[in-house]
Structures are given as C-alpha cells and as structure tokens.
**Student:** 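Got a structure for you, questions after.
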Amino acid sequence: MARSVRDAATLLSALAEGPHAEADYRRYLDPNGLRGARIGVVRTMFGANPDVNAIAQSSIDMMKRLGAEVIDEVAFPKMDQIWEAELEILLHELKAGMATYLAARGGPMKTLKDVIDFNEREKTKEMPYFGQEMFLRAWEKGGLDSPVYLEALAKCKQVARVDGIDAVCAKQNLDALFTPTEGPTWPIDWINGDHFTSSASTAAAVAACPHITVPAGDVHGLPIGVSFFGPAWTEGKLIRLAYAFEQERKARRAPRYLPTVQY
C-alpha cells in the first residue's frame, strides 16, 4: 500500500470516513511511540519458518529496548475454527458485490452469472490456464440476508473479534498484538498451488479491526514483515507503534526487480 508508515498514514487520512475517522493520522508519527506501550505476542501465528521466527524475536528484543512492555505470549483463538465460515462469507459477498459493481458500471454484464457465461463462451481466450470455480460456487449462494451467511458472519465475529482481539487486549490491557506477518513469498507452483507457512492477516480482517505491517528483515533476499493489530478504531495507536518500530529497524529495501527465472 505504501513505502513507509508516513505514506500509509497520509493515505489513510485521505480514505477514512465515518464518525470515527480522523482528519490527519500523521499526528501519530512518534519516533518514541513504543515507549510505555503494552504489546502482546501471538506466538501461535509464528508459523514454521525458523528464519522468520528469528526476525520476529529480534524485533521483540528491539521493542523491549525501546521501552515497550512485551507480554509474551498471549492466548489467542485458533483461526482454523473459522475457515469454512470465512469462505461462506467470501462467496456470498462476492455474488452481492459483483451485482452492485456491475449495476453501477453499466454495460451488458448485469450479474455474476453474466460474467460466468461470458468466461465460458470465451474460455480459450479468457481462461486458458485456469477455471472459474469460485465464481460458480458464489453464484449458487443466496443473498446477504441468507441464514447461512448471517450465521457464518456471527461465528467469525465471535471467534476473531469478541473472543479474539477484543478479549485478549482487554484482559491484558494491551495496546496492540504482535506477530510475523507472513512467511517468505513462495515460488509459483503450477502443480500444487500456493503454500502458506504462516499468515497474520486473517484475524484482523475477519474481525474488521485495524492491522499494519512493517518491514522487519529478509530471508534469502525475500522481505519479511511484522504486524501490529488491535481493537476497532485504534488506527492511530497502531500507526504510532509501527512508526517507532520502522524508524529504529530501518529494514525496508527497495525492490531489485531481478530477472524472471527461465524454465
């Protein structure tokens, strides 16, 4: 989204709207923002890559040195409890969102089914290497008033937000939760597909809570980030923490745009 926390704060200032939005999130850019902060470490999201875990651990040590109080570790619900419910939400909202988008856009496409039919007619040009399984599954779903959708939405909110981010932060009086963002970027695998070694984005995304990731190092030349996330409407607090981390760590490296590997 941005090359720095300052740029991200500037972008958020332009995008944010609603009763909780602030005019200028750049006011939270404090290089001493980690001093006195209470940060909980979610080690269940660390994944299996020892190099990534080592970067996260050195980040924790650095935050302590900068005056943060680190609670290591905090108990957090396992996100594998909501994979099926999260997929139900995605499929229902894909169908509804496409209808809204196409109606506003105008043109011959009116619904997701129109897109599916077009893709099928033009599949040799539109989809020579992949199918449209997600579109097909989404079209079979009901609307956003469907009991299946509403039940999945409630389950995700309960696990990720009520029992997750909100409960953990309230119990430990935390300013934010901390974990590695992901494992190293994986190579394209035409046979087995993508393979995640870890990911910290699900909980905040499902809970509709803020989450910011900051460069923390690299593994074999691939960038590794760490994440700060917390309860709803704590964007300013997370910006303060991330900015202080960024100013001390200085881990971002400009992309080198290496040549594509030839097979």
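Just so we're clear, the structure is a prediction, and the values are computed from it rather than from any experiment.
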**Student:** Quick one about Ser201 and His211 (side-chain donor to acceptor, distance below 3.5 Å, no hydrogens or angles considered), yes or no?
**Tutor:** no

**Student:** Could you report the tightest heavy-atom contact between Ala138 and Leu94, atom names first, then the distance?
**Tutor:** CB-CD2, 3.8 Å

**Student:** Given the rule that I, L, V, M, F, W and Y join up when any side-chain heavy atoms are under 4.5 Å apart, are Phe229 and Ile82 in one cluster?
**Tutor:** yes

**Student:** Distance only, no hydrogens: is a donor on one side chain within 3.5 Å (strictly under) of an acceptor on the other, for Ser227 and Thr181?
**Tutor:** yes

**Student:** Could you give me the CA-CA distance, side-chain angles and deciding distance for Glu235 and His20, then say whether side chain to side chain contact (heavy atoms under 4.5 Å, CB included) is met?
**Tutor:** CA-CA 10 Å; Glu235 286 86 350; His20 298 280; over 6 Å; no

**Student:** If you measure from the Lys or Arg side-chain nitrogens to the Asp or Glu carboxylate oxygens, is any gap between Lys113 and Asp117 under 4.0 Å?
**Tutor:** yes

**Student:** Nearest 0.5 Å please: distance from the CG atom of Leu144 over to the CD atom of Glu93.
**Tutor:** 6.5 Å

**Student:** Give a yes or no on this: more than 12 heavy atoms of other residues, nucleotides or ligands lie within 6.0 Å of atom NZ of Lys250.
**Tutor:** yes

**Student:** How far does CG of Asp30 sit from CZ of Arg35, to the nearest 0.5 angstrom?
**Tutor:** 8.5 Å

**Student:** Just grab all the salt bridge (Lys or Arg N to Asp or Glu O under 4.0 Å) pairs involving residues 132-157, residues at least two apart or on different chains.
**Tutor:** Glu88-Lys141

**Student:** Taking a hydrophobic cluster as the set of Ile, Leu, Val, Met, Phe, Trp and Tyr residues connected by side-chain heavy atoms closer than 4.5 Å, whether directly or through intermediates, do Met45 and Ile55 fall within one such cluster?
**Tutor:** no

**Student:** Salt bridge or not for Asp24 and Arg26, using N-O below 4.0 Å?
**Tutor:** yes

**Student:** Tell me, yes or no, whether the heavy-atom count around Glu84 atom CD, taken from other residues, nucleotides or ligands under 6.0 Å, exceeds 12.
**Tutor:** no

**Student:** Whether the Arg249 and Ser58 side chains hold a donor-acceptor pair (N or O, under 3.5 Å, no angle test) is what I'd like checked.
**Tutor:** yes

**Student:** Looking at side-chain heavy atoms only, is the closest gap between Gln132 and Lys123 below 4.5 Å?
**Tutor:** no

**Student:** Would Leu241 end up clustered with Leu12 when hydrophobic side chains under 4.5 Å apart are linked, directly or stepwise?
**Tutor:** yes

**Student:** Taking atom OG1 of Thr10 and atom CG of Leu29, what is their separation to the nearest 0.5 Å?
**Tutor:** 7.5 Å

**Student:** Could you tell me whether the side chain of Phe178 reaches within less than 4.5 Å of the side chain of Val42, counting heavy atoms only?
**Tutor:** no

**Student:** Can you name the nearest heavy-atom pair linking Ala16 to Tyr25, along with the distance?
**Tutor:** CB-CE1, 3.9 Å

**Student:** Please name the pair of heavy atoms, one in Met79 and one in Ala160, separated by the smallest distance, quoted to 0.1 Å.
**Tutor:** CE-CA, 4.2 Å

**Student:** Evaluate side chain to side chain contact (heavy atoms under 4.5 Å, CB included) for Phe228 paired with Leu177, printing each intermediate quantity in order.
**Tutor:** CA-CA 6 Å; Phe228 298 91; Leu177 295 162; over 6 Å; no

**Student:** Tell me the closest heavy-atom pair linking Pro231 and Asp166, and the distance in Å.
**Tutor:** CB-OD1, 3.6 Å

**Student:** Okay, side chain of Asn49, backbone of Val52: is any donor-acceptor separation there less than 3.5 Å?
**Tutor:** yes

**Student:** In terms of hydrophobic clustering (I, L, V, M, F, W, Y; side-chain heavy atoms under 4.5 Å; direct or indirect links), are Tyr243 and Met62 co-clustered?
**Tutor:** yes

**Student:** Whether the Gln57 and Arg43 side chains hold a donor-acceptor pair (N or O, under 3.5 Å, no angle test) is what I'd like checked.
**Tutor:** yes

**Student:** Are any side-chain N or O atoms of Asp114 and backbone N or O atoms of Thr111, one a donor and one an acceptor, separated by less than 3.5 Å?
**Tutor:** yes

**Student:** Are there more than 12 heavy atoms of other residues, nucleotides or ligands under 6.0 Å from atom CZ of Arg252?
**Tutor:** yes

**Student:** Please examine the side chains of Arg65 and Glu248, heavy atoms only from C-beta on, and report whether any two atoms are closer than 4.5 Å.
**Tutor:** yes

**Student:** State, with a plain yes or no, whether a side-chain heavy atom of Met134 is found less than 4.5 Å away from one of Leu87.
**Tutor:** yes

**Student:** Answer with yes or no whether the hydrophobic clustering places Phe245 together with Val70; edges join I, L, V, M, F, W, Y residues whose side-chain heavy atoms lie under 4.5 Å apart.
**Tutor:** yes

**Student:** Atom CD in Glu120, atom CG in Leu136: separation rounded to 0.5 Å?
**Tutor:** 8.5 Å

**Student:** How many angstroms lie between NZ in Lys237 and CG in Leu174, if you round to the nearest 0.5 Å?
**Tutor:** 9.5 Å

**Student:** Check whether Glu246 reaches the backbone of Val214 with its side chain - one donor and one acceptor, N or O, closer than 3.5 Å.
**Tutor:** no

**Student:** In the structure I gave you, are the side-chain heavy atoms of Arg27 and Glu22 within less than 4.5 Å of one another anywhere?
**Tutor:** yes

**Student:** Spell out, as yes or no, whether a donor-acceptor pair under 3.5 Å connects the side chain of Asp175 to the backbone of Ile39.
**Tutor:** no

**Student:** Apply the test side chain to side chain contact (heavy atoms under 4.5 Å, CB included) to residues Trp139 and Lys95: give CA-CA distance (whole Å), side-chain angles for both, the deciding distance (0.1 Å), then the verdict.
**Tutor:** CA-CA 6 Å; Trp139 179 246; Lys95 180 180 180 180; 3.7 Å; yes

**Student:** To the nearest 0.5 angstrom, please state how far the OG atom of Ser13 sits from the CD1 atom of Ile239.
**Tutor:** 7.0 Å

**Student:** Does the side chain of Gln158 come within less than 4.5 Å of Asp163's, by heavy atoms?
**Tutor:** yes

**Student:** Considering non-hydrogen atoms only, spot the tightest contact between Ala204 and Ile165 and give its length.
**Tutor:** CA-CD1, 3.8 Å

**Student:** Taking the side chain from Arg38 and the backbone from Gln172, do they hold a donor-acceptor pair closer than 3.5 Å?
**Tutor:** yes

**Student:** For residues Ser146 and His92, determine if any side-chain heavy atom of one lies less than 4.5 Å from a side-chain heavy atom of the other.
**Tutor:** yes

**Student:** Check Met127 against Asn119 and note the closest heavy-atom contact, atom names and distance.
**Tutor:** CE-O, 3.5 Å

